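Positions are given from 1, in the same order as the sequence printed here. Predicted, not measured: the structure shown is a model, and the values here were computed from it. Numbering of ligands and ligand atoms starts at 1, following listing order.
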Amino acid sequence: MNQKSLIESVPKGLLIGGKWREGGDGRTIAVEDPSSGSTITQVADATVADGRAALDAAVAAQAEWAATAPRDRGEILRSAFEAITKRAEEFATLMSLEMGKTLAESRGEVTYGAEFFRWFSEEAVRISGRWSTAPNGATRLLTMKKPVGPTLMITPWNFPLAMGTRKVGPAIAAGCTMVVKPASQTPLTMLALAQVLAECGLPDGVLNVITTTRTGDVVEPIIRDPRLRKLTFTGSTAVGRRLVEQSAQQLLRVSMELGGNAPFLVFDDADLDRAVEGAMLAKMRNIGEACTAANRFYAHEDVVDEFAERLAKRMGALTLGKGTKKGVDVGPLIDAKARDGVAELVEHARAQGATVVTGGRPVPGRGYFYEPTVITGVAKDARMMTEEIFGPVAPIASFRTEAEAVALANDTEYGLASYVFTNDLGRMIRVAEALQYGMIGVNQGIISNPAAPFGGVKASGFGREGGFEGIEEYLETTYVGIAP
Ligand code: NAP
């Protein structure tokens with residue numbers, strides 16, 4: 001299918017109670033191609049009333065959905081996994097067009113994102129409880145699991161498919177109904193996913209999708225509605241904090257997958273080939289726009305110069321361009337604000353005396369490109385060491401001792417991903433135990449895995465997605481005391 005027909009084939013409306021329809025006041029959202037700034041298409045812009053209607057539909061479908069056999073729920077996920085895999089090229093192209101990343105990266109996301117459906121299709125039939133005898137022998141204790149209930153899901157633009165399937169998969173498996181609000185910059189992938197799920201037999205009202213630019217106004221009344229039982233959010237820490245406050249009124253079950261500031265530690269005993277390879281993945285995956293992106297590189301003083309030189313050589317050789325074009329390694333950033341923000345961080349570090357080894361400039365012309373950049377001698381308190389860069393910039397600093405490396409790594413309010421390169425087993429264990437992070441990659445630059453619990457600590461949020469833990473976020477525990 002060519003790009004024009006592909007975009008035409010995606011539904012552009014709101015999905016409410018199994019029906020696609022326009023927003024209440026007929027307004028639309030322009031979806032932009034970040035490599036040129038031009039408009040790709042328009043999708044519906046939901047009103048507050050549309051948001052309420054989506055929740056009405058999720059509430060109406062909840063009881064029947066919860067009573068649907070786990071195997072049937074699992075089979076819907078399994079067929080959706082197969083359908084996405086079959087249409088991998090279409091999903092990859094859509095993501096590259098609306099988000100900007102290269103086709104190779106988008107294909108990787110399709111595999112990763114679809115795998116959550118396969119994983120949770122298998123988990124749907126493994127929801128279980130417990131039976132035990134009370135310590136005094138007088139009663140029996142039956143523990144059972146039930147779906148939490150209608151759930152609001154808010155997702156970001158950086159992984160338009162996977163951030164959705166990571167939530168939708170376990171919710172379907174557990175028997176929860178949903179209102180999903182994808183990022184307004186990348187709505188097409190979620191709309192295409194909703195269409196696939198409907199084709200695979202997901203009953204009307206189980207998954208409702210609203211796209212809107214009036215985000216806060218539309219979302220807050222849903223969060224404050226007593227019929228909603230869970231909120232799951234992936235996005236920035238600032239918005240996450242606000243949503244947690246809003247959710248307090250209803251004491252909602254809440255999962256927060258927030259921002260990161262990942263340290264990348266290279267010890268003097270590390271295999272430098274692997275460290276450079278890992279650094280390329282940890283930094284450049286998704287153009288640096290990943291919550292798990294290595295944000296701060298700390299290398300031992302004996303290897304820092306060689307590490308920086310080799311990383312700069314690799315980064316400097318990357319080709320920028322439109323994600324769907326052959327031969328391109330790095331796409332544009334999502335918008336002008338993101339590009340200008342990255343430029344500001346680099347200028348700030350430079351003003352503090354840091355040295356730009358490669359890159360260091362926004363690319364003039366159309367689209368929101370920023371050069372892959374390596375910058376050394378970065379001060380500990382430079383803004384790029386404390387804030388999420390969310391772009392293709394690798395700041396490098398040095399350390400002398402293991403204790404200093406750990407202290408530098410933990411010196412942040414965030415706690416999502418971290419990376420350690422060492423060939424010393426004892427050090428690996430000591431450092432992994434000391435790092436205050438939800439996820440630690442050892443001698444590898446990618447840690448996301450549908451079979452593992454993804455999530456953070458501290459200002460990176462709470463709750464886990466994927467692994468055996470992922471479905472628990474969508475289940476309540478009920479205990480029944482039985483006197484025999
Ligand atoms: P964002 O601005 O927080 O937006 C994320 C989502 O929240 C979007 O759907 C957005 O809708 C919505 N939103 C914005 N303001 C809102 C409000 N007042 N009330 C309710 N919803 C609101 O974050 P982003 O820039 O899209 O994403 C980047 C951030 O996500 C980074 O910090 C990154 O680290 C984090 N992230 C975390 C993980 C993780 O698993 N921990 C994964 C990926 C990304 P609109 O698009 O309509 O504004």
### Donor-acceptor pair between T234 and K167 side chains, under 3.5 angstrom
yes
Numbered atoms and elements of ligand 1 in range of [X], under 4.0 angstrom, heavy atoms:
X: L243; value: 19 (N), 20 (C)
X: M163; value: 42 (C), 43 (C)
X: F454; value: 39 (C), 40 (O)
X: T155; value: 6 (C), 8 (C), 9 (O)
X: N158; value: 43 (C), 44 (C)
X: R242; value: 18 (N)
X: L416; value: 41 (N)
X: T212; value: 47 (O)

### Query
Crowded around R52 CZ? As in, over 12 foreign heavy atoms under 6.0 Å?
no
### Message
Within the supplied structure, the quantity of interest is the number of heavy atoms (other residues, nucleotides, ligands) at a distance under 6.0 Å from R361 CZ; does it exceed 12?
### Response
no
### Message
Tell me the contacting part of E220 for ligand 1: side chain, backbone, both, or neither, using a 4.0 Å heavy-atom threshold, strictly below.
### Response
neither
### Task
Could you tell me whether R166 approaches ligand 1 through its side chain, its backbone, both or neither, with non-hydrogen atoms closer than 4.0 Å?
side chain
Which protein heavy atom lies closest to [atom], and at what distance to 0.1 Å?
atom: atom 34 (O) of ligand 1; result: E388 OE2, 2.4 Å
atom: atom 25 (O) of ligand 1; result: W157 NE1, 3.1 Å
atom: atom 7 (O) of ligand 1; result: F233 CE1, 3.2 Å
atom: atom 12 (C) of ligand 1; result: I154 CG2, 3.7 Å
atom: atom 46 (O) of ligand 1; result: S184 N, 2.9 Å
atom: atom 11 (O) of ligand 1; result: K181 NZ, 3.1 Å
atom: atom 17 (C) of ligand 1; result: V239 CG1, 3.9 Å

### Partner set under ring-ring contact (aromatic ring centres under 6.0 Å, His included) for F421, not counting sequence neighbours
F264
Which option, [options], owns the non-hydrogen atom nearest [atom]?
atom: atom 30 (O) of ligand 1; options: A338, P187, G235, P156; result: G235
atom: atom 47 (O) of ligand 1; options: V219, I222, T215, I223; result: T215
atom: atom 38 (C) of ligand 1; options: S236, C291, A162; result: C291

[X]/[Y] ion pair, N-O < 4.0 Å:
X: R274; Y: E277; result: no
X: R241; Y: E413; result: yes
X: D25; Y: R214; result: yes
X: D56; Y: R227; result: yes
X: K101; Y: E289; result: no
X: E115; Y: R118; result: yes
X: E469; Y: R464; result: no
X: D335; Y: K337; result: no

### Query
Does at least one non-hydrogen atom of F159 fall below 4.0 angstrom from an atom of ligand 1?
no
For [X] and ligand 1, does the shortest N/O to N/O distance drop below 3.5 Å?
X: L258; value: yes
X: S460; value: no
X: T234; value: no
X: T213; value: no
X: Q185; value: no

### Task
Quickly, which of E22, Q42, K12 forms a side-chain hydrogen bond (donor to acceptor under 3.5 Å, both in side chains) with T28? Name it, please.
Q42
### Task
For R253 and R229, indicate whether the former's side chain and the latter's backbone hold a donor-acceptor pair under 3.5 Å.
no
### Query
Any donor and acceptor pair, going by atom type alone, linking the side chain of T373 with main-chain N or O of G359 inside 3.5 Å?
no
### Query
According to the interplanar angle, ranging from 0 to 90°, do the rings of Y112 and F116 count as parallel (below 30°), tilted (30 to 60°) or perpendicular (above 60°)?
perpendicular
### Message
When you measure from atom 4 (O) of ligand 1 to the protein, is at least one non-hydrogen atom found at a distance under 4.0 Å?
### Response
no
